[in-house]
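We name chains A, B, ... by the order of the sequence lines, and we start the count at 1 in each one. Here the structure is a predicted model, which means the values were calculated and not measured. Quick note: numbers below take in every heavy atom, side chains included, and nothing from hydrogens, waters or symmetry partners.
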Amino acid sequence: MTTKKDNRILVSDDPDIADIWSEIGATIARTNEDVRELYATAASNFVWLAPRHSDMLLLGNIVGSPKGNHRLLCLEPTEGSIKHYLDAKFSRVVSPDDQLKLLPLGEIAEIFASADSEDFFLGGTIDKANDSVILYRGNLEPITLPLSWFEAGPNSPQPDPDDFEIIDFGQTVRLGEFEAGADAILYEFDPSYRRRDKERRLDSDDSFGGALRRLRLQKGLKQSDFSPSLSAKEVGRIERGEVKTVHQKTLDSLALHLGVAPEEIETY
Amino acid sequence: MAFSFPLPVNLKNQGWQVKIRDKEIREAPHLTILRRGRLWRWNLRERRFMDKTPMPSDVPEVLMEQILKNYTSLCNEWDQMYPNNPILGHHDDEER
């Protein structure tokens with residue numbers, strides 16, 4: 001997976017489309033010459049977007065190989081010789097076909113404008129032969145997961161693979177009436193997402209448990225350091241917010257070990 | 001089946017959605033509030049936003065009023081979808 005921030009290049013001679021994309025900081029390639037120059041000189045991570053078939057033609061006659069990692073998203077099908085040509089020039093080409101469904105251009109623009117674009121899905125397909133779902137992230141990297149993962153809860157109808165769609169600007173995967181969040185999927189299947197998510201949550205957790213955890217770590221204590229008055233398991237449950245009401249006796253014990261007043265714990 | 005909370009037309013027209021999505025099995029009971037490419041999670045047990053970003057203050061007060069007004073029925077929807085992680089009623093919500 002690409003972790004380095006991608007640069008965006010829109011290939012289009014349509015001024016209306018170009019205006020939208022320049023607003024989100026994309027480089028605009030309006031001519032075949034622009035394309036050739038960017039392709040030859042851009043030595044980093046690039047995601048190219050060709051919205052229309054005519055825009056794909058602007059990608060023709062590229063000479064040589066790219067210096068960086070160049071990926072291409074086409075919003076219209078690529079077939080025949082143009083497909084082979086693009087496959088040869090880009091490390092990955094994502095384009096719609098009978099199976100692969102993509103978000104509309106406006107929603108893709110919003111994903112590309114996001115600082116966390118790789119945490120959104122811009123398209124996907126069901127691979128029935130392998131009982132899998134293939135989802136394309138905002139950086140065009142695919143993630144494959146088993147259809148069985150989309151098992152519904154006890155009181156819910158099962159997901160319908162014949163009615164598959166990415167919705168909510170790439171934040172939800174819908175299978176019939178079943179909807180799973182992109183965050184839940186990435187958490188399950190991408191370790192790097194899990195790490196980032198954990199950091200994000202710990203930073204933004206302003207619950208009592210979050211404050212307790214930050215203070216404990218600040219003091220260099222382990223969860224087991226509160227024994228015998230509190231077990232590591234109990235401290236863990238409080239930190240995870242699994243305890244609804246923390247008794248005063250417990251607060252006093254926590255505070256004593258942490259060297260602060262009981263009422264100060266939640267201020268950390 | 002994901003639950004979608006019916007919002008007043010003006011909020012709906014502004015692109016706001018409130019959902020309880022499937023597979024939310026690792027989280028505290030919560031609502032997912034969506035608008036375009038942004039998403040807020042609101043903890044049903046603690047009645048507060050779970051994340052600092054996006055800014056909770058970006059969610060209109062009128063939407064939060066709708067949530068609070070329908071709090072009980074939203075909790076019931078969660079409990080029906082996630083009977084193993086109910087909002088209330090488990091004795092281990094209390095410290096032992």
Give, for atom CD of A:Glu188 and atom CD1 of B:Ile25, the distance between the pair rounded to the nearest 0.5 Å.
6.5 Å
Please flag which part of B:Leu39 lies under 4.5 Å from any non-hydrogen atom of chain A: side chain, backbone, both or neither.
both
Ignoring hydrogens, what is the shortest heavy-atom contact between B:Lys23 and A:Trp149? Give both atom names and the distance.
NZ-O, 2.8 Å
What option among A:Ala180, A:Gly241, A:Gly181 has the most heavy-atom pairs under 4.5 Å with chain B?
A:Gly181
A quick test of your reading: do over 12 heavy atoms of other residues, nucleotides or ligands sit less than 6.0 Å from CD of B:Glu61?
no
Between A:Glu179 and B:Ala2, the two heavy atoms sitting closest are CB-CB, 3.6 Å
Checking A:Ile167 against chain B: side chain, backbone, both or neither under 4.5 Å from a heavy atom?
side chain
Given heavy-atom pairs under 4.5 angstrom as the criterion, report whether the side chain, backbone, both or neither of B:Arg38 touches chain A.
backbone
Answer yes or no: is there an ion pair linking B:Lys19 with A:Asp168, defined by an N-O contact shorter than 4.0 Å?
yes
How about A:Glu151: does its CD atom have over 12 heavy atoms from other parts shown lying under 6.0 Å from it?
no
Crowding at CZ, B:Arg41 (>12 non-hydrogen neighbours, <6.0 Å):
yes
CZ/B:Arg21 to CD/A:Gln171 distance, rounded to the nearest 0.5 angstrom?
7.0 Å
